[in-house]
Amino acid sequence: MSEEKSLNFLEEIIEADLASGKYASIVTRFPPEPNGYLHMGHATSICLNFGLTKKYPGYTNLRFDDTNPVTEETEYVDSIKADIQWLGFEWKNELYASDYFPQLYEYAVQLINKGLAYVDDSTAEEIAILKGTPTEPGKDSPYRNRSIAENLDLFTRMKNGEFPDGSRTLRAKIDMAHTNMLMRDPLIYRIKHAHHHRTGDTWCIYPMYDFAHGQSDSIEQITHSICTLEFVPHRELYDWLIEKLEIYPSHQYEFARRNLSYTVMSKRKLLQLVNDKHVSGWDDPRMPTISGMRRRGYTAASIRTFCDKIGIAKRENLTDISLLEFCLREDLNHSALRVMAVLDPVKLVITNFPEGTTEELTSENGPDESMGTRSLSFSRELWIEREDFMEVPAKKWFRLAPGSLVRLKSAYIVKCEGFDKDDSGQITEIRCTYIPESRSGNDTSGINVKGTIHWVSVPHAISAEIRLYDRLFKVEDPSSEEGDFKDYINPDSLQIIPNAMVEPSLANATADTRYQFIRKGYFCTDKDSTADHLVFNRTVTLKDAWAKETKKG
RNA sequence: UGGGUUAUAGUGUAACGGCAGCACUACAGAUUUUGAUUCUGUCUGUCUAGGUUCGAAUCCUAGUAACCCAACCA
């Protein structure tokens, strides 16, 4: 046995249940509604539910809570399945709440027969008024004491499509003065003459979420039904239904939903960003959706590690996005191929290197020897990063400046001998001499330089579009700020570099390969990338100690 | 006197009456042909007030604060 890791509160409950013999194995489920794309909040729930049944004996179902036909679509079903699989999890059964519509209808009839449900002819407004408020009790509906026979007849006719949408509902008969608002005769069926993505036009009445969710868990014999904190008050209703219907007692446990700094995490808000064109779509690389993060270059492993590290609890939280980025860099650092790309090119001419010749150099592909090496073409004219040269060097500067020495990664040490500027003061060309004895791998020059910079040979370089992403919002918690959360969108969250110069090996970049552009960050090809027009996304920057130094002033 | 849930470094999370620990962040340093990585170190915490106890983050009492609940959404 390894060192004992402390358990979260759900693991404690499960271990106690397993130890006491209450269950021999456990069943959990991930229950998305197919009305939108999955985001990081869902990832937490997925890792939790599937993670629990990886750790303990049992399995996890995927169940779509598809009880509202007007918002749900097959497109979402497909994207949700793809996202879960990409995250690396397998469900035991693919299920749908809509599979249980006949059973749910039967449960409703049972409730009516027990005198525990009634058909209400009130309008939505009337129901709302009689519901009371959190501090005032509600009042009974005038239709509350209909006979069982009448309720049965009306409910049957609701099902048969005799009444228009909104004209009647079926309500559980509990207690209009209950301190829990959800127990004040909750609606359990409503009329919707709508086409359902799976059941088509079979039904024109649909169960409310609260009448489908708990019973679906029960039907599937979910031992530990895990959801977020806002459903705590619903548990009382689910337990009531389980008791009255005398069905399998699933038990619900609640944990605090995850919030991430500098983003928003609700379907409603994310949908606004998409609809208002603040982003290009659900899979825009700036979105905290699983599909957006995948497109940006996040690895599934880094997301799983992150979910594991933040743990679960029941308190309000706002997790620092830097922890997610830490997990990402940690993963990418081991696996990403090192290549050279110059994002903001300026020409460097090596005056003592023969014109028209090319020298082949060798460079490692990564920190691990198993990643191998590749050949780099070196010539008299190179592209280097504009920001790696300073006409008047700052203190602690150890890159290129007039008279200074710097190592060209995997190549030679060069000395800056001069430069040209145009009328606007922009550097147009930097001139250096190289030290032939300083060749990387067999350096006999005896010279030690502090700085190493990346480069690409001008005649060999290929151009590429590079998209740099930054956080989507300017503030830590946009939802808690005054006014509309969209007022806090970061206007500089996307910067496009149309013509970066990258090394020729990148012409064959594949979609699933992650690269580190040395000294610049981790990148991957975007889905827009073609052989004629390469497009790279910056997944995340490298940590940058120099940038911090600069900020100190 | 509506009901419910929660309070531990800047952030996230442990400690289950017995030395408040871990990770991220921040900061300082070492190493470095990526100012990356790696390594070392530093700062910062039990919501408040009482009480019980040899001993309290933990138990008790009283407060305080935050979040959730009045959709024919989930």
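Every value quoted in this text rests on a predicted model; they were computed, and no experiment measured them. So you know, we letter chains A, B, ... as the sequences are listed, proteins then strands, and number each from 1.
Comparing the C1' positions of B:C19 and B:A62 gives an interatomic distance of 31 Å, to the nearest angstrom. One C1' atom belongs to B:U8, the other to B:C47, and the distance between them is 10 Å to the nearest Å. If you take atom C1' in B:U31 and the same atom in B:G41, they sit 15 Å apart, rounded to whole Å. B:A26 and B:U11 have their C1' atoms separated by 11 Å, with the value rounded to a whole Å. Taking the C1' atom of each, B:U6 and B:C24 are spaced 23 Å apart, rounded to whole Å. Of the C1' atoms belonging to B:A9 and B:C43, the separation is 10 Å, rounded to the nearest Å. Comparing the C1' positions of B:A57 and B:U48 gives an interatomic distance of 14 Å, to the nearest angstrom. Atom name C1', nucleotides B:A36 and B:U44: the rounded distance is 27 Å, in whole Å.
Looking at heavy-atom distances under 4.0 Å, A:Pro367 makes no contact with the nucleic acid at all. Residue contacts for A:Phe398: at a heavy-atom cut-off of 4.0 Å it reaches a base atom on one of the strands shown. Within 4.0 Å of A:Ile413, counting heavy atoms only, lies no atom of the nucleic acid at all. Across all strands shown, A:Ile310 has heavy atoms under 4.0 Å from sugar-phosphate atoms exclusively, and none from any base. Looking at heavy-atom distances under 4.0 Å, A:Asn35 makes no contact with the nucleic acid at all.
In this structure a side-chain-to-backbone donor-acceptor pair under 3.5 Å is present from A:Asp544 to A:Ala547. A donor-acceptor pair under 3.5 Å is absent between the side-chain atoms of A:Arg168 and the main chain of A:Arg190, judged by distance alone.
Within the structure, every side-chain polar atom (N or O) of A:Thr179 is placed at least 4.0 Å from both OP1 and OP2 of B:G4. Within the structure, every side-chain polar atom (N or O) of A:Arg235 is placed at least 4.0 Å from both OP1 and OP2 of B:G3. For the pair A:Lys450 and B:U33, the criterion of a side-chain N or O lying under 4.0 Å from OP1 or OP2 is not met. The phosphate of B:A66 has neither OP1 nor OP2 within less than 4.0 Å of any side-chain N or O from A:Arg315. The side chain of A:Lys309 places no N or O atom within less than 4.0 Å of a non-bridging phosphate oxygen (OP1 or OP2) of B:C22. Close to B:A26, at under 4.0 Å from its OP1 or OP2, lies a side-chain N or O of A:Lys548. A:Arg184 has no side-chain polar atom (N or O) that falls below the 4.0 Å cut-off from OP1 or OP2 of B:C69. Residue A:Arg190 places at least one side-chain N or O closer than 4.0 Å to OP1 or OP2 of B:A74.
Between A:Glu503 atom CD and A:Ser375 atom OG the span is 10.0 Å, to the nearest 0.5 Å.
Because its NZ or CZ atom is not both nearer than 6.0 Å to the ring centre of A:Tyr118 and within 45° of the ring axis, A:Arg146 does not count as a cation-pi partner of that residue. Cation-pi check for A:Lys159 over A:Tyr105 is met; the charged atom lies under 6.0 angstrom from the ring centroid and within 45 degrees of its normal. The cationic atom of A:Lys415 (NZ for Lys, CZ for Arg) does not lie both less than 6.0 Å from the six-membered ring centre of A:Tyr434 and within 45° of the ring axis.
Mapped onto RNA chain B by nearest heavy atom, A:Ser440 and A:Ser167 fall at different nucleotides, with A:Ser440 at the one closer to the 5' end. Positionally, the nearest nucleotide of RNA chain B for A:Leu229 lies more toward the 5' end than for the other of A:Leu229 and A:Thr169.
Below the 3.5 angstrom threshold, one finds a donor paired with an acceptor across the side chain of A:Arg407 and the base of B:U33.
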